[in-house]
Amino acid sequence: MRVLVAGATGFVGRRLCRALVDAGHEVVAMTRHPADYSGPGVPVHGDVHAPDSLPGALSGDDGRRGWSGATLPPRSATTGKGRADAAYYLVHSLDAPDFARRDAAAAQAFGEAAGEAGVRRIVYLGGLGDDADALSAHLRSRRAVEGLLGAGGVPVTTLRAGIIVGHGGISWELTRQLVQHLPVMVTPTWVRTRTQPIAIDDVVRYLVAALTLPLQGPRAFEIGGPEVLQYVTMLRRVATIEHRPLLVLPVPLLSPGLSSWWLALVTDVDTATGRALVDSMTNEVVVRDDAIRALVPFEPMSYDQAVRQALRERAQEGDRE
């Protein structure tokens with residue numbers, strides 16, 4: 001199957017491209033800078049914030065050149081003359097103050113271009129959260145993107161996840177850096193919120209499987225690891241694994257705005273992204289419907305296993321530098 005990945009150079013995307021190639025799929029990695037791409041698959045220029053760039057990327061109508069200047073393999077009947085059979089959408093704009101508007105416009109443009117190109121399925125990685133709750137702006141935006149991706153009539157399969165644990169992930173980096181930098185931590189009350197973290201390898205496994213899940217119109221599946229944990233428990237368990245001291249002192253009056261500045265001060269996550277994430281941390285994000293477990297049966301990693309793997313990958317990357 002020919003599969004386009006929008007967001008191929010990101011935390012999830014680069015791992016997904018490798019897994020899709022390993023699974024035997026023909027991967028088209030959509031990126032704004034194809035000449036610089038060195039990952040799995042064939043790069044193609046495309047930018048979800050530049051709608052005119054999307055039709056060629058999704059349809060393959062590029063004159064057989066221009067995908068980082070490389071000559072592509074001959075088109076085959078099974079790939080619909082070069083178009084993508086399916087597309088993954090792994091893009092967000094959390095670092096922009098108007099991320100909700102930007103993400104909505106980008107999702108609609110991508111969905112319409114996918115429909116015009118004849119794509120048969122879009123797979124989107126969204127966020128957990130109960131629709132009955134007062135969802136944060138970040139989670140409301142993720143829900144809106146789910147619907148807007150279907151603007152061109154292509155069925156959208158959504159996988160909703162909470163915190164993804166893996167080297168390079170923003171939420172994981174917040175956790176790791178807080179533990180590393182602050183042996184005594186004055187924290188807001190959201191550290192008591194429950195979440196259901198999941199290992200990046202398990203997210204990728206679900207994403208690959210999503211290509212062959214039953215396709216009966218739009219469908220959202222909830223994915224998570226085997227444990228429901230408070231954020232403070234996650235912090236303490238990382239500290240234990242890393243043999244670091246950690247004293248947590250919750251402060252009720254630490255507002256989301258102050259929390260985001262606090263995170264920017266002690267981690268390398270920018271204030272805009274930190275604010276969006278902090279707002280979401282007031283929402284409980286746990287799996288309510290585990291229907292996907294019957295469709296994609298395997299045992300997800302425990303939180304401690306995922307943490308140890310993330311730390312190993314970071315250490316290995318440091319050794320290579």
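- Scored by the salt bridge (charged side-chain N to carboxylate O under 4.0 Å, His left out) test, R15 finds E313 as partners (sequence neighbours excluded).
- Y303 is listed as a side-chain neighbour of V165, based on a closest heavy-atom distance under 4.5 Å.
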Q: Step by step, work out the side chain to side chain contact (heavy atoms under 4.5 Å, CB included) result for L125 and V12.
A: CA-CA 9 Å; L125 181 60; V12 178; 4.0 Å; yes

Which atom pairs, one a donor and one an acceptor, fall under 3.5 Å between side chains of residues 105-117 and the rest of the protein, sequence neighbours left out?
from : atom 1 : to   : atom 2 : distance (Å)
Q108 : NE2    : E112 : OE2    : 3.2

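- Between the T240 side chain and the R236 main chain, a donor and an acceptor come within less than 3.5 Å of each other.
- Between the side chain of E26 and the main chain of M1, no donor-acceptor pair closer than 3.5 Å is present.
- Panel note: side chain R288, backbone E222; no donor-acceptor pair is recorded below 3.5 Å.
- To the nearest 0.5 angstrom, R83 atom CZ is 12.5 Å from L4 atom CG.
- No more than 12 heavy-atom neighbours from other residues, nucleotides or ligands sit within 6.0 angstrom of CZ on R32.
- Contact detail for T195 and I163: the closest heavy-atom pair is OG1-N, 4.1 Å.
- Note that the CG atom of L174 and the CE atom of M234 stand 10.0 Å from one another [nearest 0.5 Å].
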Q. Stepwise, does the side chain to side chain contact (heavy atoms under 4.5 Å, CB included) test hold for S171 with Y231?
A. CA-CA 11 Å; S171 296; Y231 289 110; over 6 Å; no

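- Side chains of I198 and Y206 form a contact here, defined as non-hydrogen atoms less than 4.5 Å apart.
- Atom CG of L148 sits about 13.5 Å away from atom CZ of R143, to the nearest 0.5 Å.
- When every heavy atom of A29 is checked against every heavy atom of P40, the shortest pair comes out as CB-O, 4.2 Å.
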Q: Take N283 and T193, measure what side chain to side chain contact (heavy atoms under 4.5 Å, CB included) needs, and give me the verdict at the end.
A: CA-CA 7 Å; N283 290 119; T193 304; 5.9 Å; no

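- By the 6.0 Å and 45° rule, R160 does not stack over the aromatic ring of F221.
- You'll find the side chain of I164 stays beyond 4.5 Å of the side chain of W172, heavy atoms only.
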Q: Would you check, one step at a time, whether the test side chain to side chain contact (heavy atoms under 4.5 Å, CB included) holds for V296 with L213?
A: CA-CA 9 Å; V296 189; L213 290 175; 3.9 Å; yes

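- Residues S141 and H138 fail the side-chain proximity criterion, which asks for heavy atoms closer than 4.5 Å.
- In terms of modelled atom types and a separation under 3.5 Å, the side chain of S59 and the main chain of P55 share a donor-acceptor contact.
- Of the inter-residue distances, the one linking E284 atom CD with D130 atom CG reads 8.5 Å to the nearest 0.5 angstrom.
- Residues V286 make up the rest of the hydrophobic cluster containing V228, defined by ILVMFWY side-chain heavy atoms closer than 4.5 Å, directly or through other members.
- Residues Y124 and E146 are in side-chain contact: their nearest non-hydrogen atoms beyond the backbone lie under 4.5 Å apart.
- Nearest approach of V208 to A23, heavy atoms of both residues: CG1-CB, 4.3 Å.
- Remark: R293 engages E299 in a salt bridge (charged side-chain N to carboxylate O under 4.0 Å, His left out) (not counting sequence neighbours).
- Taking both residues in full, the closest heavy atoms of L215 and P155 are given as CD1-CB, 3.6 Å, listed atom of the first, atom of the second, then distance.
- Between R2 and D85 there is no salt bridge, since no side-chain N of the basic residue sits under 4.0 Å from a carboxylate O of the acidic one.
- One finds no salt bridge joining R194 and E227 here, because no Lys/Arg side-chain nitrogen approaches an Asp/Glu carboxylate oxygen to under 4.0 Å.
- Annotation: salt bridge (charged side-chain N to carboxylate O under 4.0 Å, His left out) contacts of R244 (sequence neighbours excluded): E242.
- Within the 3.5 Å criterion, the main-chain N or O of A291 finds a donor-acceptor partner in the side chain of D289.
- With contacts defined as side-chain heavy-atom distances shorter than 4.5 Å, the pair T157/L211 does not qualify.
- In this structure, the side chains of L235 and T175 come closer than 4.5 Å at one or more pairs of heavy atoms.
- Between R176 and E173, at least one side-chain nitrogen of the basic residue sits less than 4.0 Å from a carboxylate oxygen of the acidic one, meeting the salt-bridge criterion.
- Using a 4.5 Å heavy-atom threshold, the side chains of L90 and L16 count as touching.
- Of all the heavy atoms in A210 and V123, the pair that sits closest is CB-CG1, 3.9 Å.
- Interatomic distance, NE2 of H33 versus CG of D47, reported as 8.5 Å (0.5 Å rounding).
- Partners of R101 according to the side chain to side chain donor-acceptor pair (under 3.5 Å) rule, which considers only residues two or more places apart in sequence or in another chain, are D98.
- Listed here is the closest heavy atom pair of M30 and A57: SD-CB, 4.0 Å.
- Using a distance-only test at 3.5 Å, with no hydrogens or angles considered, no donor-acceptor pair links the side chain of R314 to the main chain of A310.
- Note on L207: it does not cluster hydrophobically with M301, by side-chain heavy-atom contacts below 4.5 Å among ILVMFWY residues.
- Between D201 and R205 there is no salt bridge, since none of the side-chain N atoms of the basic residue sits less than 4.0 Å from a carboxylate O of the acidic one.
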